[in-house]
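Report on the structure given below.
Numbering of ligands and ligand atoms starts at 1, following listing order.
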Amino acid sequence: MRLTVVGCSGAVPGPASPASCYLIEADDADGRTWRLVLDMGSGALGALQRYCDPLEIDAVAISHLHPDHCADLAGLHTYLSYHPDGPAETLVYGPFGTASRIDELRGEGTHTRALTTFAWQTGTPVRVGPITIEVESVVHPVPAYAMRIEGPSELESRESAVIAYSGDTDVCAGLKKVASGADVFLCEASFLDSDNAPEGMHITALNVGKVAQQAACDRLVVTHLPPWADPNATRVEVGMHYRGALDIARPGMHIVV
Ligand SMILES: [Zn+2]
Ligand SMILES: [Zn+2]
């Protein structure tokens, strides 16, 4: 699998990055490339076109319905509906209510075929070509899911690889479950320990380090830093507990697993 960071700004887009959006690509045994997009936050659709044509997206996986994770579904709907090579369709997996959220964002409720929505169900994996997605409920002010994404490895030494994605969450059992033994753990860190963050909303950098270390993740990519956050302070705090390979996400970051 190949992971590309399209957008990694937390809460709102920043001067250098759209809000949350990650592209996962995997080739099946016949050589066809499958494309899965994790979240479509504000500003993501423009940057996504640097890495693929949105007509080629097989599925979109939405962690939750805050605008920094789903706002550009409206633009995706327009792109798929009006592109001269279309109309095209894609599948959107998300929390219950995703279809009506898309209507709200579009400002109209005329359903067309461009986006077909399915509600996440924990315990029921979703398959997108050679990629399998399992979700766990996590702790956030709205229904939210973390994802465990398994697919073919492109490293010679192994057959499959796991990318774990936190979405937005505080520390919880679901987050620990998706992260367990992941090759790449893409985890938000919206606060520092010193921020006196409200409980049940976001995870602190200190706790990201603890969770990733306990989960024995090979590589940790810390993401969803708001434009006002200090990446260096975040890195120091995560590193107080985590001993593996550590990166702060940046747009265009490309990881092969
Ligand atoms: Zn967010
Ligand atoms: Zn959120």
Hey, is the Zn ion (ligand 2) within less than 2.8 Å of some N/O/S atom on Asp168? yes
Of all the atoms in His224, is at least one N, O or S atom closer to the Zn ion (ligand 1) than 2.8 Å? yes
Close side-chain approach of Trp34 to Pro130, heavy-atom, < 4.5 Å: yes
What's the atom name of the N, O or S in His66 nearest to the Zn ion (ligand 2)? ND1
Test His202 against every option in His140, His64, His66 by the ring pair (Phe, Tyr, Trp, His ring centres under 6.0 Å) rule and name the one that passes. His140
Main-chain N/O of Ile163 paired with Asp183 side-chain donor or acceptor, under 3.5 Å: no
Looking at Ala19, is its backbone amide N or carbonyl O close enough to the side chain of Ser9 to form a donor-acceptor pair, meaning the two atoms are under 3.5 Å apart? no
Which atom of Asp68 approaches the Zn ion (ligand 1) most closely (N/O/S): OD2
Decide, counting backbone as well as side-chain atoms, whether His69 has an N, O or S atom less than 2.8 Å from the Zn ion (ligand 2). no
Can you tell me, to 10 degrees, how wide the angle at the Zn ion (ligand 2) is between NE2 on His140 and NE2 on His64? 100°
Could you tell me whether Glu154 and Arg2 have a side-chain N and a carboxylate O separated by less than 4.0 Å? yes
